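When reading the values below, keep in mind they use all heavy atoms of this one structure, side chains included, and skip hydrogens, waters and symmetry mates. Since this is a predicted model, take the numbers as computed values, not measurements.
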Amino acid sequence: MSKLASFRNWGFDLVRVTEAAACVAGRWMGVGKRDEADLAATEAMAQALDMLEFDGRIVIGEEEKLATRTLLETNRQVGSGQGPAMDVVVDPIDGRKLLLQGRPGAVAVAAAAPRGTIWSPKPAIYMEKIVVAREARDSLVAECMDAPAAWTLALIARIKQKAVRDLIVFVLDRPRHAELIKEIRLAGARVMLRSDGDIAGALMAASPDSKVDILMGIGGVPEGLIAACGVKALGGAMLGRLAPQSAVEQLAVKEAGFDIHRILTSDQLISSDRVFFAATGITDGPLLEGVRYRGDLAQTQSLVLRSDTGTRRFIMAEHVLDPEE
């Protein structure tokens, strides 16, 4: 066993955090109350995080986009304060619209790495991303970010020994992606459009046994950093670049000293090789099964990743619920 492998696997701690959020969030599936679901899942995740024996710090939260997200905002201290100093990135509900509408693919996610190793470009809100799995990582070069989609897809298809028409590209269904979607379709590839959930999309693109070949498009910065943790732990590759979506955001990013033209790899987004990641399904999806409720019990399926060993674990768990919840 290597020296790195001898360190504690914090993924087993993080999965308790994502399970707690998922068990609470699953109760709100299809109910149509987004703010209430988000607040309940956030509270459950914050409470679970504070039970962990580390000195954690939320690297970047979503308070710029979600006014209800106060317990997991940027720079909040989490954990007991004892133990290793860690950077933490979380999302109690990746796929809020999916949960709201009772659709597949919502997950709870959390990741951690040693303090100071997860990039924090606050006050940036949006970033452009491209994600591929391990087998195609050598073909993902910086030029892909500005090249026509057809050029990038041809590179990916060649390394994966597929025809371009057999590639599946995950893209968030947003007006800003209209031209990108058009390019992908003109190139002959197939598009998997989702209304929400680009962390799960990145995990699918980076997973070796997934039907998704690549993720492309613009999504949130917090989601991008969490995705980078998962992609790195899976051995895939990711490119990211800040992509302000308003003049106000662009000015704030510029005043903070960030270069919106700089393209970063997953190793630059997450500079440590000790990355721990956990995700728990909330609603059924292609990545994980959703929460099942039976009386005072809840059943969950989770994914736990560790980058230094390359370990990928799927965990089925049964939880006894508080009768008051």
Side-chain angles (χ1 to χ4, degrees), residues 18 21-22 24-42 44-45 60-69 72 89-111 124-131 168-178 180-181 184 190-207 210-212 214-231 238 240 243 245 277-291 301 303:
T18 58
V24 170
R27 293 290 197 190
W28 297 90
M29 185 188 77
V31 175
K33 296 182 178 180
R34 172 173 171 159
D35 290 346
E36 291 88 340
D38 191 68
L39 179 60
T42 299
M45 178 167 273
I60 188 165
E62 289 190 321
E63 59 270 12
E64 298 291 339
K65 291 197 297 181
L66 301 170
T68 59
R69 297 287 295 275
L72 297 174
V89 283
V90 298
D91 194 340
I93 307 172
D94 175 51
R96 290 169 180 79
K97 290 180 183 178
L98 302 176
L99 178 67
L100 181 73
Q101 299 167 354
R103 293 184 177 181
V107 296
V109 291
I125 301 173
Y126 291 97
M127 69 185 299
E128 187 177 3
K129 315 161 194 176
I130 303 179
V131 175
I168 296 178
V169 186
F170 182 102
V171 182
L172 286 179
D173 190 3
R174 299 285 191 275
R176 62 177 176 263
H177 290 148
L180 173 62
I181 293 168
I184 294 169
R190 296 174 288 170
V191 180
M192 177 185 286
L193 284 176
R194 287 294 179 90
S195 64
D196 214 351
D198 58 337
I199 299 175
L203 291 175
M204 287 189 283
S207 295
S210 171
K211 295 179 180 179
V212 175
I214 182 171
L215 173 144
M216 304 179 80
I218 296 170
V221 168
E223 292 86 350
L225 294 175
I226 299 170
C229 290
V231 170
M238 176 174 173
Q245 296 299 292
F277 180 94
T280 300
I282 301 175
T283 61
D284 283 345
L287 184 67
L288 294 165
E289 294 180 1
V291 183
Q301 184 184 31
L303 170 67

Q.
Is any side-chain heavy atom of Lys97 closer than 4.5 Å to one of Arg34?
A. yes
(Q) To check you understand the geometry: which heavy-atom pair defines the closest contact between Gly201 and Leu215, and what is its length? (A) C-CD1, 3.6 Å
Q | side-chain contact (heavy atoms from CB on, under 4.5 Å) involving Ala22 - partner list, sequence neighbours excluded | A | Ala108, Thr280, Ile282, Val291
Q) Taking C-beta and beyond as the side chain, do Ser195 and Leu98 meet within less than 4.5 Å on heavy atoms? A) yes
Q: Any chance you could measure Leu193, atom CG, to Leu172, atom CG, to the nearest 0.5 Å?
A: 9.0 Å
Q | Least distance between heavy atoms, Gly95 atom then Ala106 atom | A | O-CB, 3.7 Å
Q | Spacing of OG1 belonging to Thr18 relative to CG belonging to Leu303, to within rounding of 0.5 Å | A | 9.0 Å
Q) Got a sec, which residues hit salt bridge (charged side-chain N to carboxylate O under 4.0 Å, His left out) with Glu128, two or more places apart in sequence or on another chain? A) Arg241
Q. Got a sec, which pairs hit side-chain hydrogen bond (donor to acceptor under 3.5 Å, both in side chains) with one end in residues 98-111, sequence neighbours left out?
A. Gln101-Arg103
Q. At their closest point, which heavy atom of Phe170 faces which heavy atom of Val212, and how far apart are they?
A. CB-CG1, 3.9 Å
**Q.** Flag side-chain contact, heavy atom, 4.5 Å: Asp284 against Gln301
**A.** no
Q: Taking Asp94 for its side chain and Ala200 for its backbone only, find out whether a donor-acceptor pair lies under 3.5 Å.
A: yes
Q) Among all residues two or more places apart in sequence or in another chain, which pass the salt bridge (charged side-chain N to carboxylate O under 4.0 Å, His left out) test with Asp198? A) Lys129
(Q) Please give me the minimum heavy-atom distance between Gly285 and Pro104, naming the atom from each residue. (A) CA-CB, 4.2 Å
Q.
Any heavy-atom pair between the side chains of Met204 and Pro286 that's under 4.5 Å?
A. yes
Q.
Once side chain to side chain donor-acceptor pair (under 3.5 Å) is applied, do any residues pair with Gln245, and if so which ones, sequence neighbours excluded?
A. none
Q: Enter the distance from Ile199:CD1 to Ile226:CD1 here, rounded to the nearest 0.5 Å.
A: 4.0 Å
Q: Determine the minimum heavy-atom distance between Met127 and Gly224, stating which atoms define it.
A: SD-CA, 3.8 Å
Q) Is the closest side-chain heavy-atom distance between Trp28 and Asp38 below 4.5 Å? A) no
(Q) To check you understand the geometry: which heavy-atom pair defines the closest contact between Ala243 and Ile218, and what is its length? (A) CB-CD1, 4.0 Å
(Q) Tell me every residue that passes side-chain contact (heavy atoms from CB on, under 4.5 Å) with Met29, counting only those two or more places apart in sequence or in another chain. (A) Leu99, Thr283
Q | Positive for salt bridge (Lys or Arg N to Asp or Glu O under 4.0 Å) with Arg96, one of Asp196, Asp91, Asp35 | A | Asp91
Q) Please, which pairs that meet side-chain hydrogen bond (donor to acceptor under 3.5 Å, both in side chains) have at least one residue in residues 168-177, sequence neighbours excluded? A) none
